[in-house]
Amino acid sequence: MTAAPRLQPFADTLSRFVFERTAVRGALASLDDCCRDILACHAYPPALRRVLAELLAAAALLASTLKFDGSLIVQLRGDGPVRLLVVECDADVALRATAQWREDAGTLPAATDLAALAGGAARARLAITLDPRDGGPLYQGIVGLEAASVATLIEHYLTASEQIASRIMLATDGDRARGLLLQRLPGAGADDDAAWERVAAAAAAIAPGDLLGASSPAAFLCERFPDTDIRLFEPRAARFACGCSEERIGNALRLLGRAEVDGILAEQGSIDATCEFCSRQYTLTTAQARALFADERWPDAGRRAAPAGGLPH
Ligand SMILES: [Zn+2]
């Protein structure tokens, strides 16, 4: 281990590292309070908690590979016990999640896989979207749900979209999540093939309990890859943060359209909106709601597609 930064606690961190003199890189995610806080926003059934926790760790690992300033959004749509599941991680490792599920999701065993939660692989879609903050083009990759585990699904996505051989391991106890990503960089030579084989073999021997029980990224990497020089970069803090605001709720209402908003006002006298991610409540008086449509920039409101999440309900 060379040039390791001072030892940091493992909790709520995303740490990148490289295997020195090889074309292998990786990242370790540890989501503790951050994962608990996100899962505490809704009364998720146990099977959904586990899948969300794993997807949160996977999203942080995927975000560690991005070279742009924006958000990575993992979205599952199905018509089984879980209809919608959204996990977001931005370039600052701020994470949030939400889901829509039926009551019978509560009766599923905790170990139910993603495809079964979504009603079967044939009827579910997992989309991974990269949303640049500068307003650049969205990139979206669709992943088939044939694989059973979240880790295998994400490996397939990385191999197909980036053409980079990847290994992902995810572990959760239902409250916190940890993940390890290993990638073989493109353009590597024969020596790197051997290095990748060694690293992949060592990774295959890692059990979920090893990840959950590790005390720090440095200790974990030293123990699991003992004969390899690893440069560990300064860990970055991972946290729960929701980007909702009165302004965004206002924009969602504008997209809903004046007629719809007037209808709610006539019925309820005000508009109560709840953020689908963090459950924060927003209340708009009639005057506040009407003021949203005073601006001429929104003449076509109501005709546009509504965005996922953030709409009042
Ligand atoms: Zn929110």
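The shown structure was predicted, so the numbers you read here are calculated from the model rather than taken from an experiment. For ligands, and for the atoms within them, numbers begin at 1 and follow the listed sequence. Scope of the values below: all heavy atoms of this structure, side chains included, with no hydrogens, waters or symmetry mates.
- Arg21 meets the side-chain contact (heavy atoms from CB on, under 4.5 Å) test with Asp229; sequence neighbours excluded.
- We find the CG-CG distance between Leu62 and Leu181 to be 7.5 Å, quoted to the nearest 0.5 Å.
- Listed by chain and number, Cys242 SG, Cys244 SG, Cys275 SG, Cys278 SG are the protein N/O/S atoms closer than 2.8 Å to the Zn ion (ligand 1), with waters left out.
- In this structure, Leu28 CG and Ser216 OG are separated by 9.5 Å, a value rounded to the nearest 0.5 Å.
- In summary, the side chains of Glu155 and Ser166 do not present any donor paired with an acceptor at a separation below 3.5 Å, with no hydrogens or angles considered.
- Among residues two or more places apart in sequence or in another chain, the salt bridge (charged side-chain N to carboxylate O under 4.0 Å, His left out) test is passed with Arg123 by Asp79.
- Residue pairs satisfying the side-chain hydrogen bond (donor to acceptor under 3.5 Å, both in side chains) criterion with at least one member in residues 194-205, sequence neighbours excluded, are absent.
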